[in-house]
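See structure below.
Keep in mind that what you see is a predicted model, and the values were worked out from it rather than measured.
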Amino acid sequence: MAEPPADVEIGFRNPTAVIAGTSRFDAARFAGEWQTVACLGRCAGSVRYLAATDGVYLRRTAGGDTPYLIAAPGVLRRTGAEETLVVMWVDEGFRTAAIGDADGRWAAVLDRSGKPGADRVKAAMEILDFNGWDVSQLRKIK
């Protein structure tokens with residue numbers, strides 16, 4: 001008799017959906033302060049991205065700094081851990097972004113001001129949906 005298949009933790013994202021970083025990603029333009037305006041899972045209310053030394057890119061939250069290496073445009077791999085952060089979309093002015101953990105634990109719509117235009121939030125949500133996220137569970141922050 002065959003063993004039942006192991007449980008698959010889906011989280012907030014369909015693991016069979018393709019996920020991709022945006023080709024528009026530019027580390028220098030993405031660096032700086034961001035406010036979370038909508039979130040799936042556990043997200044920081046504000047986050048800062050910094051280009052550090054030796055090709056390391058830092059994600060700074062109230063919980064501390066997390067180092068990443070840029071593996072491809074919009075794809076950041078955490079150093080020393082199995083975690084991939086994906087910047088799936090950023091608007092042309094680098095004001096609003098859709099970002100998430102490739103494993104589906106969390107995703108967020110970020111904005112520089114914390115008060116994005118409705119059109120940019122809609123675009124970010126469409127990108128999250130396209131990349132397999134359950135946007136029906138997005139919750140507004142602030």
For Ser136, check side-chain hydrogen bond (donor to acceptor under 3.5 Å, both in side chains) against everything at least two apart and list the hits.
-> Asp134

Qualifying residues under salt bridge (Lys or Arg N to Asp or Glu O under 4.0 Å), relative to Arg29, sequence neighbours excluded = none

Residues in salt bridge (Lys or Arg N to Asp or Glu O under 4.0 Å) contact with Arg95, at least two apart in sequence or another chain | Asp91

Residues sharing Phe130's hydrophobic cluster, by side-chain heavy-atom contacts under 4.5 Å among ILVMFWY, directly or via others?
-> none

Cluster partners of Leu69, using ILVMFWY side-chain heavy atoms under 4.5 angstrom, listed by chain and number?
-> Leu50, Val56, Leu58

Check residues 71-78 and write down every donor-acceptor pair under 3.5 Å in which the side-chain atom is one partner and the other belongs to a residue at least two apart or another chain.
{"residue": "Arg77", "atom": "NH1", "partner": "Thr84", "partner atom": "OG1", "Å": "3.1"}
{"residue": "Arg78", "atom": "NH1", "partner": "Glu83", "partner atom": "OE1", "Å": "3.0"}

Salt bridge (Lys or Arg N to Asp or Glu O under 4.0 Å) partners for Arg120, two or more places apart | Asp111

With sequence neighbours excluded, residues passing side-chain hydrogen bond (donor to acceptor under 3.5 Å, both in side chains) with Arg112 = none

Using the test salt bridge (Lys or Arg N to Asp or Glu O under 4.0 Å), find all partners of Asp26 that sit at least two apart in sequence or belong to another chain.
-> none

Would you indicate whether the side-chain heavy atoms of Glu33 and Tyr49 approach each other to under 4.5 Å?
-> no

Would you say the side chain of Phe12 lies within less than 4.5 Å of the side chain of Asp103, judging by non-hydrogen atoms?
-> no

Taking only residues two or more places apart in sequence, or in another chain, which ones meet Ala38 in a side-chain contact (heavy atoms from CB on, under 4.5 Å)?
-> Val109, Leu138

Can you name the side-chain contact (heavy atoms from CB on, under 4.5 Å) partners of Ala20, sequence neighbours left out?
-> none

Would a distance-only check, ignoring hydrogens and angles, find a side-chain to backbone donor-acceptor pair under 3.5 Å from Arg59 to Val47?
-> no

Sequence-distant partners of Tyr57, side-chain hydrogen bond (donor to acceptor under 3.5 Å, both in side chains), two or more places apart | none

